[in-house]
Amino acid sequence: MSVATEFPIPLNEYKVVSLDPGQSKLTDQQREQLAANIQLCRDAIIFFTAIADAKGLGGHTGGPYDTVPETLIMHGFMEHARQGGTPDVLPVFFDEAGHRVATQYLMAVLEGDMDVERLFHYREYLSHLPGHPEKGFTPGVKFSSGRLGHMWPYVNGVAIANPNKVVVMLGSDGSQMEGNDAEAARLAVAQGLNVKLLIDDNDVTIAGHPSDYLPGFSVADTLKGHGLKVDIGDGEDLDSLYTRMCAAVTSDGPIALMNRRKMCPNIEGLEGSAHGHDVIKTAVAVDYLNANGRGEAAAYLGTVTKGPGGPSHQGSDESSVGKNRDLFGRILNEILGGISEADRVSSVRVFDCDLEGSCGLNHVRASHPEVFVRGGIMERGNFSAAAGFGYEKGRQGIFGTFSAFLEMVVSEITMARLNDSNVLAHFSHAGCDDMADNTCHFGLNNMYAANGLPDEGKDTTRLYFPADQHQFRACLTKIYNDEGLRFIFSTRSGVPDLLDDAGNRLFGDDYEFVSGKDDVVREGTAGYIVSFGETTYRALDAVVRLKEAGQDVGLICKSTLNVYDEEVMARLAASPAVLVAESFNVNTGLGSRLGTELLKRGFKGSYNNIGTNKEGSGGLWQQMGYQGIDADGILKTMKDLLG
């Protein structure tokens with residue numbers, strides 16, 4: 001229930017202002033309407049992103065809020081072009097920072113492609129309003145942004161295909177750290193592409209202020225070095241911003257407008273803060289909306305309740321849930337604390353990619369800053385730097401980022417392997433569980449890390465995905481001193497402790513992790529499910545229910561993903577049926593290869609593998625069920641396999 005029956009920010013008051021870029025000064029009437037539009041749209045973004053916070057869905061407020069002025073001026077240029085004016089501006093709000101998707105949803109409403117009421121459901125399950133823009137999934141959204149800093153090269157191609165149009169892209173100082181943008185800049189300059197970059201230069205990324213952790217880095221100077229024309233100005237000075245944008249779109253060739261502002265201008269409690277990157281807290285939004293005369297919207301937020309929680313599961317202790325992605329840093333701190341400072345400095349470097357809080361590395365920065373490197377949003381370079389530090393025996397680089405970004409460093413992984421480097425890499429947010437950011441942030445192709453040659457067992461690359469916090473601790477502690485490339489995966493979601501038949505912790509205090517050894521969670525005569533990571537406790541629930549129904553199915557936890565435990569493989573090869581259940585890509589994950597290995601060992605039973613198999617649904621825990629890899633989906637698939 002709510003105190004509002006309609007969307008309480010009156011977006012029907014928005015009036016698009018047709019703006020002729022040939023007229024470089026705003027009239028009083030244009031300025032007044034633009035200012036009103038900007039306030040209206042900023043209020044709307046605050047409101048509907050705060051709904052997601054109240055529901056526990058996360059999201060991002062500051063980025064889309066910041067860039068409203070330039071977005072609406074772009075809208076005016078596009079309207080002028082629609083009416084036959086020049087120049088012809090391609091009517092797409094390309095954005096290389098996909099987390100600013102609230103901009104796309106707002107403009108879809110203003111353009112009449114989507115009903116305003118849908119904004120109540122930002123990031124919800126099956127709302128078709130995921131955390132990043134996905135072409136063809138949401139009405140009015142005309143492109144898929146992919147991951148941060150990946151859009152500009154794509155936009156270059158769009159510009160080549162549309163030589164008589166102006167192509168505009170929203171950018172950010174964080175996005176511009178990615179190496180793709182350097183390549184895109186050089187091509188844009190060399191080809192004289194009519195690409196106009198509107199870069200929100202607010203000196204804020206997730207982990208802090210680039211001016212603090214990357215001293216010497218300047219987006220403007222970097223782009224100038226590639227030959228790009230750069231115009232620096234105040235993003236909150238409407239008249240100046242308009243004049244600068246007019247000059248940009250009426251000139252030939254690529255240009256970058258650096259629009260400098262504090263993050264979240266005029267939002268008390270967030271202005272200038274890195275916290276503005278994330279979703280606005282409901283209480284802060286209520287204060288903002290009340291202060292701006294939006295009492296009805298503020299009142300509505302007070303009625304929003306947290307979204308539904310996931311189902312309960314048999315076979316695990318849901319009163320003891322571990323967040324392994326955070327635990328990584330805590331355990332690492334314990335290990336580092338047992339090493340003298342001199343040896344730490346000599347033997348270890350920990351490289352963060354602006355996601356320290358998401359990978360647990362914030363704990364290392366707080367306790368051991370002497371070995372911590374704040375590397376910024378530069379996954380390829382940071383992984384290679386970690387590998388370079390681990391080039392010599394007795395040293396290792398430690399690296400952390402999201403699993404989705406593993407695909408970006410595959411070439412660097414190969415280079416590290418060829419150099420016999422020692423790297424311990426933590427890739428969090430693996431699979432799809434709890435991922436409202438949706439498909440482009442799913443960590444699906446993690447088996448790409450195992451891209452070496454068998455070479456008679458000489459490849460020491462190892463991939464690990466422990467099933468609960470106790471196995472995670474045992475694994476990380478055990479492999480810390482191993483040589484070679486070690487990849488350990490965790491999920492965004494927490495995972496409950498696994499229990500044995502007697503209701504005790506499966507991985508108790510006496511458990512010793514052995515690399516390459518699988519764990520028999522439950523014995524079975526009718527068949528086995530093989531799983532790992534966050535899918536394991538779901539598979540265990542399915543196994544418990546199958547046994548209760550008289551089908552004696554067992555469960556194997558395969559926490560080492562790319563090495564085969566011959567003892568367990570013999571057990572599986574003799575089994576009537578084997579099902580691999582995982583959250584990795586069904587085409588590239590463990591299940592895509594385990595069947596072949598079983599055939600080599602004489603398997604003659606029934607086999608199937610299930611995993612992430614379609615674009616995401618939005619929402620959190622619901623993603624697993626949508627893919628058919630929750631407990632119910634695993635149970636159904638195993639029953640079908642048994643016949």
Side-chain angles (χ1 to χ4, degrees), residues 403 406 410 413-414 417 430-431 443-467 471 475 479 482 484-489 513-536 539-540 542-543 553-613 628-629 634 637-638 640-642:
S403 292
L406 186 147
V410 170
I413 290 170
T414 297
R417 189 185 67 254
L444 302 181
N445 293 310
N446 298 314
M447 298 298 284
Y448 287 2
N451 61 4
L453 302 171
D455 199 11
E456 299 177 346
K458 294 177 184 177
D459 181 17
T460 60
T461 301
R462 295 292 181 267
L463 278 60
Y464 303 104
F465 200 161
Q471 189 180 43
C475 174
I479 69 173
D482 290 351
L485 305 182
R486 290 139 294 145
F487 298 84
I488 188 166
F489 299 98
F513 181 86
V514 178
S515 177
K517 180 175 175 55
D518 301 338
D519 294 282
V520 180
V521 180
R522 296 289 191 274
E523 301 276 358
T525 57
Y528 277 94
I529 299 173
V530 179
S531 195
F532 56 85
E534 85 292 15
T535 315
T536 310
L540 180 52
V543 164
V553 173
L555 175 62
I556 303 296
C557 174
K558 186 169 180 54
S559 54
T560 306
L561 303 180
N562 67 321
V563 175
Y564 300 104
D565 180 340
E566 291 303 333
E567 182 179 343
V568 170
M569 290 296 282
R571 179 192 296 256
L572 294 175
S575 177
V578 173
L579 169 67
V580 177
E582 60 184 311
S583 61
F584 288 2
N585 185 337
V586 71
N587 286 330
T588 66
L590 174 68
S592 68
R593 58 191 71 191
L594 186 69
T596 301
E597 294 300 322
L598 287 174
L599 287 173
K600 292 178 183 178
R601 292 161 176 82
F603 178 64
K604 298 184 185 302
S606 300
Y607 181 84
N608 198 1
N609 67 297
I610 55 175
T612 300
N613 59 88
I629 49 178
I634 296 169
T637 305
M638 191 64 191
D640 291 345
L641 190 64
L642 295 174

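- Every side chain to side chain donor-acceptor pair (under 3.5 Å) that Thr461 has, sequence neighbours left out, goes to Asp459.
- The shortest distance between side-chain heavy atoms of Val578 and Ile556 does not fall below 4.5 Å.
- Outside the 6.0 Å centre-distance limit, the rings of Phe487 and Tyr448 are not counted as a close aromatic pair.
- Closest approach of Ala539 and Leu555 over heavy atoms only: CB-CD1, 3.8 Å.
- Under the rule for a side chain to side chain donor-acceptor pair (under 3.5 Å), Asn608 has no partner lying at least two apart in sequence or in another chain.
- Nearest heavy-atom pair, Cys557 versus Val521, reported as atom, atom and distance to 0.1 Å: CB-CG2, 3.7 Å.
- Here the closest heavy-atom approach between residue Val543 and residue Gly554 is recorded as CG2-O, 3.8 Å.
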*Taking it one step at a time, do Leu406 and Asn445 satisfy side chain to side chain contact (heavy atoms under 4.5 Å, CB included)?*
CA-CA 8 Å; Leu406 186 147; Asn445 293 310; over 6 Å; no
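- Residues Val530 and Lys558 form a side-chain contact, since some pair of their non-hydrogen atoms from C-beta on lies under 4.5 Å apart.
- Checked against ring-ring contact (aromatic ring centres under 6.0 Å, His included), Phe513 has the following partners two or more places apart in sequence or in another chain: Tyr464.
- No side-chain donor-acceptor contact under 3.5 Å links Asp640 to the backbone of Met638.
- When all heavy atoms are compared, the tightest approach of Ile529 to Ala581 is CG2-CB, 4.2 Å.
- Among residues two or more places apart in sequence or in another chain, the side chain to side chain donor-acceptor pair (under 3.5 Å) test is passed with Arg571 by Glu523, Tyr528.
- From Gln471, atom CD reaches atom OG1 of Thr536 across 7.5 Å, with rounding to the nearest 0.5 Å.
- The line from CG of Leu540 to OG1 of Thr535 is 12.5 Å long, rounded to the nearest 0.5 Å.
- Rounding to the nearest 0.5 Å places CD1 of Ile610 at 5.0 Å from CG of Leu579.
- Put simply, the side chain of Lys517 never gets that close to the backbone of Ser559: no donor and acceptor are under 3.5 Å apart.
- Judged as a side chain to side chain donor-acceptor pair (under 3.5 Å), and not counting sequence neighbours, the contacts of Glu597 are Lys600, Arg601.
- Within the model, atoms CZ of Arg462 and OG1 of Thr560 stand 8.0 Å from one another, a figure rounded to the nearest 0.5 Å.
- For the pair Arg486 (side chain) and Ile479 (backbone), a donor-acceptor distance under 3.5 Å is present.
- At least one donor-acceptor pair closer than 3.5 Å links the side chain of Asp565 to the backbone N or O of Glu567.
- Taking every heavy atom of both residues into account, Ile488 and Pro466 meet most closely at CG1-CD, 4.1 Å.
- Side chain of Tyr607 to backbone of Gly591: a donor-acceptor contact under 3.5 angstrom is found.
- Screening Leu463, Val580, Asn562, Asn446 for a side chain to side chain contact (heavy atoms under 4.5 Å, CB included) involving Leu590 leaves a single residue, Val580.
- Going from atom CD of Glu582 over to atom CD of Glu534 covers 10.0 Å, rounded to the nearest 0.5 Å.
- Asn451 and Ile413 get closest at one heavy-atom pair: OD1-CG2, 4.0 Å.
- Interatomic distance, Asp518 CG to Met569 CE, rounded to the nearest 0.5 Å: 8.5 Å.
- Put simply, the side chain of Ser606 never gets that close to the backbone of Ala577: no donor and acceptor are under 3.5 Å apart.
- No side-chain donor-acceptor contact under 3.5 Å links Asn587 to the backbone of Ser592.
- Listed by chain and residue number, nothing satisfies the salt bridge (Lys or Arg N to Asp or Glu O under 4.0 Å) test with Arg593 (two or more places apart in sequence, or in another chain).
- Taking the six-membered ring for Trp and thresholds of 30 and 60 degrees, Phe489 and Phe584 have ring planes more than 60 degrees apart, a perpendicular arrangement.
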